[in-house]
Amino acid sequence: MLFPAEWVILRAMKQISLILSALALASAASAHEPKVLDVKVEKSGMAWRVDVTVEHPDSGWEHYVDGWEVLDNAGNRLGYRILHHPHVNEQPFTRSLTNLSLPDGTREIFVRPHCSVDGWAGDTLRVTLEP
């Protein structure tokens, strides 16, 4: 039989354990940045098509990859692709940006994904363009 003080301590320990477990799960979910796995580029006339394959543990509307950008080597944005919904059951997934206009002489681009919770990924993927 538990004394009242022991019961209070036991209950508090259970609550602390549940809170710590929830925090660990939330931290693990938010710690995984979106990652660009592949980029394919194709020139059509004066414009470019960029196909980007991204991976991220989207969990629903509250946490998903919501876009990616194309940058030049100075970090200037050349294009942006909005992703309008989570891809919970479609990982990795590929989406395209068409009619991208690049400055003359551009020989490389960089692609960086964005997460609705964690913001911009730390890494970019460098892509060399064929003239």
Side-chain angles (χ1 to χ4, degrees):
M1 178 170 199
L2 293 175
F3 292 104
E6 293 174 318
W7 182 81
V8 169
I9 291 171
L10 183 61
R11 185 176 169 134
M13 289 175 61
K14 267 185 156 178
Q15 287 177 337
I16 290 170
S17 176
L18 288 172
I19 291 169
L20 290 175
S21 295
L23 288 174
L25 286 173
S27 176
S30 67
H32 185 70
E33 289 186 337
K35 182 174 183 174
V36 175
L37 301 178
D38 190 34
V39 177
K40 293 185 178 8
V41 293
E42 181 180 337
K43 188 170 184 182
S44 177
M46 297 302 291
W48 293 82
R49 174 188 172 109
V50 182
D51 300 320
V52 175
T53 302
V54 179
E55 181 179 52
H56 180 265
D58 289 7
S59 60
W61 288 102
E62 69 284 347
H63 190 184
Y64 70 103
V65 176
D66 59 1
W68 48 265
E69 66 181 351
V70 178
L71 306 168
D72 66 12
N73 60 3
N76 299 307
R77 182 184 282 180
L78 303 172
Y80 183 72
R81 174 62 154 95
I82 295 172
L83 300 172
H84 295 283
H85 60 86
H87 296 86
V88 176
N89 297 316
E90 183 187 358
Q91 291 292 326
F93 64 95
T94 303
R95 293 297 178 270
S96 302
L97 177 63
T98 58
N99 295 320
L100 179 65
S101 180
L102 298 178
D104 289 340
T106 302
R107 295 291 176 247
E108 63 185 5
I109 57 172
F110 300 83
V111 178
R112 180 172 65 159
H114 187 270
C115 170
S116 64
V117 171
D118 300 312
W120 292 106
D123 294 331
T124 61
L125 185 67
R126 179 179 176 258
V127 180
T128 302
L129 305 175
E130 296 295 323

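Quick caveat: nothing in here was measured; it's all calculated off a predicted structure. Values below: every heavy atom of this structure, side chains too, minus hydrogens, waters and symmetry copies. Start at 1 with the first residue, then count along the sequence.
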*In Å and rounded to the nearest 0.5 Å, what is the CZ to CG distance from Arg107 to Leu102?*
10.5 Å
*With no hydrogens and no angle check, is any side-chain donor or acceptor of Arg126 less than 3.5 Å from a backbone partner on Glu108?*
no
*Is the shortest heavy-atom distance from the side chain of Val52 to the side chain of Leu97 under 4.5 Å?*
no
*asked:* Quick check: is Trp48 connected to Ile109 through a chain of hydrophobic side chains (ILVMFWY, heavy atoms under 4.5 Å apart)?
replied: yes
*Going by atom types only, do Asp51 and Thr94 share a side-chain donor-acceptor pair under 3.5 Å?*
no
*Please round to the nearest 0.5 Å and tell me the distance separating atom CG of Asp38 and atom CG of Leu125.*
7.5 Å
*Which pair of heavy atoms, one from Pro113 and one from Val54, lies closest together, and at what distance?*
CB-CG1, 4.5 Å
*Mind running side chain to side chain donor-acceptor pair (under 3.5 Å) on Arg49 and Ser96 for me, showing each step along the way?*
CA-CA 7 Å; Arg49 174 188 172 109; Ser96 302; 3.0 Å; yes
_Straight-line distance of Leu83 CG to Tyr80 OH, nearest 0.5 Å_ = 7.0 Å
_Could you report the tightest heavy-atom contact between Trp68 and Val50, atom names first, then the distance?_
CH2-O, 3.7 Å
*Going only through I, L, V, M, F, W and Y residues with side-chain contacts under 4.5 Å, is there a path from Val70 to Trp120?*
no
*Salt bridge present between Glu33 and Arg112 (N-O < 4.0 angstrom)*: no
_Single hit among His85, His56, His87 for ring pair (Phe, Tyr, Trp, His ring centres under 6.0 Å) with Phe93_ = His87
*How long is the gap from CD on Glu55 to CG on Leu37, to the nearest 0.5 Å?*
5.0 Å
*Of all heavy-atom pairs between Thr124 and Phe110, which one has the smallest distance, and what is that distance?*
OG1-CD2, 3.8 Å
*If you round to the nearest 0.5 Å, how far is CZ of Arg81 from NE2 of His114?*
15.5 Å
_Heavy-atom pair with the smallest gap, counting every atom of Gly60 and Pro86_ = C-CG, 3.6 Å
*Run the side-chain contact (heavy atoms from CB on, under 4.5 Å) check on Val41 and Leu129 step by step: do they pass?*
CA-CA 7 Å; Val41 293; Leu129 305 175; 3.6 Å; yes
_Heavy-atom pair with the smallest gap, counting every atom of Asp118 and Cys115_ = N-SG, 3.4 Å
*Does Tyr64 belong to the same Ile/Leu/Val/Met/Phe/Trp/Tyr cluster as Val111, with side-chain heavy atoms less than 4.5 Å apart forming each link?*
no
_Between Ser116 and Asp66 (side chain of the first, backbone of the second, donor and acceptor by atom type, cut-off under 3.5 Å), is there such a pair?_
no
*Asp58 side, atom CG; His63 side, atom NE2 - distance, nearest 0.5 Å*: 7.5 Å
*State plainly whether one hydrophobic cluster holds both Leu100 and Leu71, where clusters connect Ile, Leu, Val, Met, Phe, Trp and Tyr through side-chain heavy atoms under 4.5 angstrom apart.*
no
*Has the side chain of Asp72 got a donor or acceptor atom that lies under 3.5 Å from a matching backbone atom of Ala74?*
yes
